[in-house]
Protein chains: 2
Amino acid sequence: MQNPESPKYQQQKQAAIRAAAAVFARKGFHGASTTDIASEMGIKQGSLYYYFKSKEEALAEVCLYGIRDYVQRMEEIARDDAPFEVRLLATVRSHLSSYREKNEALKVHNDERLYLPEIKRIKLKQLGSHYRELLEGIFEQGVRDGALREDLDCHFAAQSVIGICNAWGELIVRDPRLDVEQVITKVNDLLLRGLAPMGAKA
Amino acid sequence: MQNPESPKYQQQKQAAIRAAAAVFARKGFHGASTTDIASEMGIKQGSLYYYFKSKEEALAEVCLYGIRDYVQRMEEIARDDAPFEVRLLATVRSHLSSYREKNEALKVHNDERLYLPEIKRIKLKQLGSHYRELLEGIFEQGVRDGALREDLDCHFAAQSVIGICNAWGELIVRDPRLDVEQVITKVNDLLLRGLAPMGAKA
DNA sequence: TAAACATTCTATAAAACTATAGAATACGCG
DNA sequence: CGCGTATTCTATAGTTTTATAGAATGTTTA
């Protein structure tokens with residue numbers, strides 16, 4: 001057993017999660033065989049079970065790995081009270097920059113809903129909801145500060161941000177020529193204008 | 001063989017496509033077994049091959065079925081030259097209202113990219129591109145008419161509309177309590193404000 | 001160096017899945 | 001009704017896949 005949680009083990013486990021993330025993202029959960037994942041990290045199929053008890057556990061680990069520091073960054077943004085515009089930009093940036101950089105771990109979240117053991121699924125759902133609630137809180141603060149129009153549906157706004165960021169995240173991953181920084185600017189701009197109070201400045 | 005293309009055959013084929021669409025949407029291409037699809041429409045696994053030569057062909061049919069009248073409605077919108085605001089609303093409505101109504105055929109498009117035979121994939125890509133180009137054209141017209149800001153990146157705008165509509169489409173399907181008409185209004189509003197010229201009216 | 005432990009490999013059992021063939025049943029029409 | 005065709009069923013061959021067991025190899029440390 002991997003009792004000492006040795007550095008090598010940790011490192012390889014990380015590699016296993018990354019490999020699984022990449023292959024799941026490319027082929028989907030069922031499309032990815034354990035053979036694929038193993039060979040992605042340069043070991044044989046059977047050896048993969050040294051790191052994961054099952055294929056589903058691999059998926060669970062990938063999902064949690066993908067969302068965790070994601071939520072963490074959102075918490076930081078929510079914590080220090082900058083003006084709304086700054087927070088929104090930080091959110092969009094956090095969401096979109098990680099999409100390409102932090103490999104494909106996030107693309108899996110369509111599958112996660114389906115094939116995860118109950119407990120893990122709940123855990124993930126909590127993290128996802130937590131993320132959305134943090135974002136909603138930022139919008140509520142924005143309304144209070146007058147940076148957003150008063151009748152704004154903050155839940156709608158938060159969902160829209162997540163939705164549009166995910167959509168552009170996909171496009172960014174799919175098309176390497178896209179300039180991430182530029183996309184971030186434009187998405188931020190679109191949202192800012194779309195949610196601004198009636199007679200806002202440019 | 002199904003020589004006469006009898007009404008019953010047509011009807012059952014339609015049912016088969018719908019069933020496949022539903023199961024693919026729920027479980028993804030590889031997650032869906034032919035047994036699942038068959039039992040979804042109330043027949044046995046082997047019988048499915050009376051309607052599809054292979055599982056991949058089923059996917060192809062589902063994808064084409066999903067996107068066709070979609071593109072067609074976009075063509076209508078692009079054809080009669082209404083003011084930009086009307087066209088945008090029509091687009092958002094077409095996109096979102098079909099999402100729940102026209103079952104799950106559209107959700108599959110992540111898989112399609114991966115598992116489709118080359119020819120079908122190209123066909124689909126063409127349809128998708130065509131759709132986006134029509135939308136881009138509408139934006140370009142909107143800029144010319146002064147309804148949109150001059151420096152608007154129409155490609156970006158079109159992608160964003162598609163992205164946000166898809167995102168909300170998913171939410172609509174997943175949560176039956178959501179009021180589609182209300183979502184349409186809000187999404188349209190967000191986009192309209194986000195893309196409007198600098199000193200626009202409410 | 002040798003013992004103890006960690007990591008990977010090979011081989012395989014058991015299950016699931018696609019696709020086909022041929023039998024069985026349902027349907028429409030003279 | 002009864003013939004011909006359309007549709008569905010059963011059974012199965014042939015793959016592919018997950019997961020496990022035990023052997024083989026690497027690595028650390030005393």
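Residue numbers begin at 1 in each chain, while the letters A, B, ... track the order of the sequences.
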Engineer: Measure from CD on Q45(B) to P on dT20(C) and round the result to the nearest Å.
Structural biologist: 11 Å
Engineer: So, N188(A) and T185(A): side-chain donor and acceptor under 3.5 Å apart, yes or no?
Structural biologist: no
Engineer: Using only heavy-atom distances, determine whether the side chains of T35(A) and Q45(A) contain a donor-acceptor pair under 3.5 Å.
Structural biologist: no
Engineer: Starting at atom NZ of K44(B), determine the distance to atom C1' of dA23(C), rounded to an integer number of angstrom.
Structural biologist: 16 Å
Engineer: Quick one: Y49(A) OH to dT7(C) P, roughly how many Å, whole number?
Structural biologist: 19 Å
Engineer: Taking only N and O in the side chain of T34(B), is any of them less than 4.0 Å away from OP1 or OP2 of dC17(C)?
Structural biologist: no
Engineer: Using whole Å, what does the distance between atom C1' of nucleotide dC9(C) and atom CE of M41(A) come to?
Structural biologist: 14 Å
Engineer: If each of D36(A) and S47(A) is mapped to the nucleotide of DNA chain D with the nearest heavy atom, which maps nearer the 5' terminus, i.e. the 5' end?
Structural biologist: D36(A)
Engineer: Rounded to whole Å, how long is the line connecting atom CZ of F52(A) with atom C1' of dT20(D)?
Structural biologist: 17 Å
Engineer: Strictly below 4.0 Å: does Y51(A) bring a side-chain N or O up to OP1 or OP2 of dT8(C)?
Structural biologist: yes
Engineer: Over how many whole Å does the gap from L48(A) atom CG to dC9(C) atom P extend?
Structural biologist: 11 Å
Engineer: Could you tell me which non-hydrogen atom of A32(A) sits nearest to which non-hydrogen atom of V23(A), and how far apart they are?
Structural biologist: CB-CG1, 3.4 Å
Engineer: Taking the side chain of K55(A) as heavy atoms from C-beta outward, which of dT8(D), dT18(C), dT18(D) is closest to it?
Structural biologist: dT18(D)
Engineer: Which pair of non-hydrogen atoms, one from R149(A) and one from G194(A), has the smallest distance, and what is that distance?
Structural biologist: NH1-O, 3.2 Å
Engineer: Rounding to an integer number of Å, can you tell me how far Y50(B) OH sits from dA19(C) C1'?
Structural biologist: 17 Å
Engineer: In whole Å, what is the span from the CD1 atom of I43(B) to the C1' atom of dT10(D)?
Structural biologist: 14 Å
